[in-house]
Amino acid sequence: MERLQKVIANSGFCSRRKAEEYILTGQVKVNGVVVKELGTKVKKEDEITILNQVLTREEKEYFLLYKPEKTISSVSDDKGRTTVVSLIPSKNRLYPVGRLDYDTTGLLLLTNDGELTNILTHPSHEVEKIYRAKIQGILTGFEVQQIKKGLVIDGRKVVPTYFKVVKTNSENKTSIIRLGIVEGRNHIVKRMMASLDHKVLELKRESYAFLTLDGLKKGEARPLTIKEVKKLYSLK
Ligand code: URA
């Protein structure tokens with residue numbers, strides 16, 4: 001038996017907080033009966049309806065994908081582009097944890113575990129991600145200092161947990177940088193570089209918390225181990 005709001009959040013339908021709101025406002029039914037009590041426990045075979053939709057309670061799955069370029073971080077795409085979900089060998093309805101841009105490669109998690117997704121994407125316990133970027137131009141010492149001290153993007157400062165210029169190519173006027181970012185705002189690396197007038201030419205996410213791309217080729221995915229899933233839960 002599990003608490004109703006936990007079952008709803010686990011299904012990926014919405015966050016636990018939102019589930020509580022739906023319960024309190026009488027929008028959740030268990031076996032056809034409206035339930036407004038937050039602590040209500042439900043069994044596996046109970047039918048839960050939320051906003052008149054029957055909740056599907058699938059087995060939880062967790063995949064680590066080495067996302068290739070030209071794939072979109074969503075479940076479907078109206079322009080017919082390849083989605084990251086289509087690269088995962090699963091019959092369940094999985095979705096990406098956060099997003100990587102269409103042209104960004106690297107580590108992306110996919111799951112149908114809404115509770116873990118909420119944990120990993122909640123601003124108060126965002127995890128560190130390491131990115132490697134090829135950028136236009138060569139950073140000056142002053143710019144490197146600015147990045148390390150933190151750049152203000154849309155009124156909020158982003159201080160990298162780690163920053164290094166890996167290589168510079170003075171002929172092509174490009175540089176390779178590596179940086180660690182905790183927050184999860186969209187296009188954050190590109191926006192940081194754009195604020196210093198450096199275009200990002202290539203971007204790859206090399207790691208996500210303790211997870212890396214080791215053993216995977218671009219376009220390949222592997223299931224997470226139980227140990228890895230538990231470790232992700234412990235980041236709470
Ligand atoms: N930052 C970006 O600019 N793009 C990504 O895909 C990820 C982080």
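For ligands, and for the atoms within them, numbers begin at 1 and follow the listed sequence. None of these values were measured; they are calculated from a predicted model. For reference, positions follow the sequence shown, starting with 1.
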Item to complete: Pick, from Leu100, Asp101, Thr105, the option with the minimum heavy-atom distance to atom 4 (N) of ligand 1.
Response: Asp101

Check whether any side-chain heavy atom of [X] lies under 4.5 Å from a side-chain heavy atom of [Y], and answer yes or no.
{"X": "Arg191", "Y": "Asp154", "value": "yes"}
{"X": "Leu203", "Y": "Met193", "value": "no"}
{"X": "Lys134", "Y": "Lys204", "value": "no"}

Worksheet item: Side chain or backbone of Asn186 under 4.0 Å from ligand 1, or both, or neither, by non-hydrogen atoms?
Response: neither

Fill in: Region of Val189 that comes within reach of ligand 1 [heavy atoms, distance under 4.0 Å]
both

Worksheet item: With distance as the sole criterion, is a donor-acceptor pair present between the side chains of Tyr233 and Asp113 under 3.5 Å?
Response: yes

Under 3.5 Å between any N/O of [X] and any N/O of ligand 1: does that happen in this structure?
{"X": "Arg99", "result": "no"}
{"X": "Thr104", "result": "yes"}
{"X": "His187", "result": "yes"}

Worksheet item: Between Ser73 and Lys67, which heavy-atom pair has the shortest distance, and what is it?
Response: OG-CE, 3.8 Å

Worksheet item: Are any of the side-chain nitrogens in Glu115 or Lys60 under 4.0 Å away from the carboxylate oxygens of its partner?
Response: no

Practice prompt. May I ask you to list the atoms of ligand 1 that are less than 4.0 angstrom from any heavy atom of Tyr131?
Written response: 7 (C), 8 (C)

